[in-house]
There are 2 protein chains.
Amino acid sequence: MNKGQIFTSLVLEIFKVSGQLNAEGDQLTAPLGLTSARWKVLGAISLLQAPQTTSDIARYMGQSRQATQRLVDSMVADGLLELVENPRHKRAKLVNLTAAGKDAYARLDEKQIPWAQEHARGLTREELETAFSVLSKLSQQLNRQG
Amino acid sequence: MNKGQIFTSLVLEIFKVSGQLNAEGDQLTAPLGLTSARWKVLGAISLLQAPQTTSDIARYMGQSRQATQRLVDSMVADGLLELVENPRHKRAKLVNLTAAGKDAYARLDEKQIPWAQEHARGLTREELETAFSVLSKLSQQLNRQG
DNA sequence: ATTAACTTGACAATATGTTGTCAATATTAA
DNA sequence: TTAATATTGACAACATATTGTCAAGTTAAT
């Protein structure tokens, strides 16, 4: 197998694992009435440590502005997020976590940490770092070319 | 960062790259009137080197039987796939590539090979193999627990 | 300052995925 | 053999993603 063929195998595995992780996230979040997709939005705002515009969140998540917009809208309706005025843009409000949103994210973090540690158990630090590095480089390459 | 945290970063990167690859695949296949999802179905049957039931294809792709069923149905309608009798099961027909399906897959392969080689260029063989190995192990772990 | 180019929210169309359910078929166990 | 269990196709409900489009707002260029 040449490098291109290994790369192709990797791509197929990425698709498979991504679907499995989404299903896993859906189950992990279901008791809180959430989903993988909404969890990721909560995480984006938490990790960026400040209210963000929908477009910012979309860029951070690496997906379309429109997909993120719909998630944000429904999460505002559900009381997980709130829109606050943005001094830098009249229409593009900032998306912020409500108390309920922060609480939900904290509760999911409690579940996610032992979950991650358990799944990381069979892998070495070097393996995990290399895998992350490869995917990170790939993401940047795909970003440039669109 | 402990191993669990690296693992979590990897998970987020998998989500991002998966979306980017799907978008890339949609663009690559659009000139042929196809999509990433349909390409993967063609690939599954090609790589398994024999007609398969819809359930077999779903398992190979790591996604639900129902999602695969819909893809297969629409691809049959479009003449890319055909259903043939399955001597081992009265209802579960075998899904086979038509001439048009084989032709489309061959044409996509011609595009995909240089695409894969180009993206693999910035990565060493060892990096690619490790990344594949990590995701493969992860997929198996996620499969057990479901 | 005015214009051109870009960004953003809003809305729609469409594709793809999950889960749930039911009846038909196969497989396994007793 | 018969009964319990599992798999499969078919259909539906729903969540999530892409792309496309338009008008409002911002930024950059002249």
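Letters A, B, ... mirror the listed sequences (proteins, then strands); counts begin at 1.
- Within the structure, every side-chain polar atom (N or O) of Thr35(A) is placed at least 4.0 Å from both OP1 and OP2 of dT18(C).
- Separation of atoms CD (Glu129(B)) and CG (Leu10(A)) is listed at 11.0 Å; rounding is to 0.5 Å.
- Summarising the geometry, atom CG belonging to Leu108(A) is positioned 6.0 Å from atom CG belonging to Leu34(A); distances are rounded to the nearest 0.5 Å.
- For the pair Lys40(B) NZ and dA17(D) C1', the interatomic distance rounds to 12 Å; values are reported in whole Å.
- At least one side-chain nitrogen or oxygen of Ser55(A) sits closer than 4.0 Å to the OP1 or OP2 atom of dG9(C).
- Counting any heavy atom pair closer than 4.0 Å across all strands shown, Ala37(B) reaches sugar-phosphate atoms only and no base atom.
- Between Ser64(A) and dA17(D) there is no side-chain polar atom (N or O) within less than 4.0 angstrom of OP1 or OP2.
- As rounded to whole Å, 16 Å separates atom P of dA15(D) from atom CD of Gln63(A).
- The side chain of Arg65(A) sits closest to dA10(C) out of dT18(D), dA10(C), dT16(D).
- Counting heavy atoms from C-beta outward, Gln112(A) and Thr8(B) have side chains that approach closer than 4.5 Å.
- Here the nucleotide nearest the side chain of His89(A), chosen from dT19(D), dT19(C), dT8(C), is dT8(C).
- Separating the CD atom of Gln27(A) from the P atom of dT19(C) is a distance of 6 Å, rounded to the nearest angstrom.
- Looking only at side-chain heavy atoms (C-beta outward), His119(B) and Leu142(A) come within less than 4.5 Å of each other.
- Where Asp26(B) and Arg88(B) meet DNA chain C, the nucleotide closest to each residue was compared, and Asp26(B) sits on the side nearer the 5' end.
- Contact between the side-chain N/O atoms of Arg91(B) and the OP1/OP2 oxygens of dA26(C) is not found at any separation under 4.0 Å.
- Summary of the strand contacts: Lys90(A) and Gly62(A) both lie near DNA chain D, and taking for each the nucleotide with the nearest heavy atom, the more 5' one is attributed to Gly62(A).
- Regarding Asn86(A), its CG atom lies at a distance of 9 Å from the P atom of dG9(C), rounded to whole Å.
- As a whole-Å value, the separation of Asp73(A) CG from dG9(C) P is 10 Å.
- Under 4.0 angstrom from either OP1 or OP2 of dG9(C) there lies no side-chain N or O belonging to Arg70(A).
- Between the side chain of Gln66(A) and the base of dG20(D), at least one donor-acceptor pair of N or O atoms lies under 3.5 Å.
- In this structure, the separation between CG on Leu21(B) and CG on Asp26(B) is 11.0 Å, given to the nearest 0.5 Å.
- Separating the CD atom of Gln69(A) from the C1' atom of dA17(D) is a distance of 15 Å, rounded to the nearest angstrom.
- Between Phe15(A) atom CZ and dA15(C) atom P there is a gap of 18 Å when expressed in whole angstrom units.
- At whole-Å resolution of the value, CG in Asp56(B) and C1' in dA26(C) are 14 Å apart.
- Residue contacts shown for Thr54(B) are limited to sugar-phosphate atoms, with no base heavy atom under 4.0 Å away.
- Taking only side-chain nitrogens and oxygens, Arg59(A) comes nearer than 4.0 Å to OP1 or OP2 of dT8(C).
- Atom CG of residue Asp78(A) and atom CZ of residue Arg38(A) lie 5.0 Å apart, to the nearest 0.5 angstrom.
- Where Thr53(B) and Pro87(A) each meet DNA chain D at their nearest nucleotide, the meeting point lying more 5' is that of Thr53(B).
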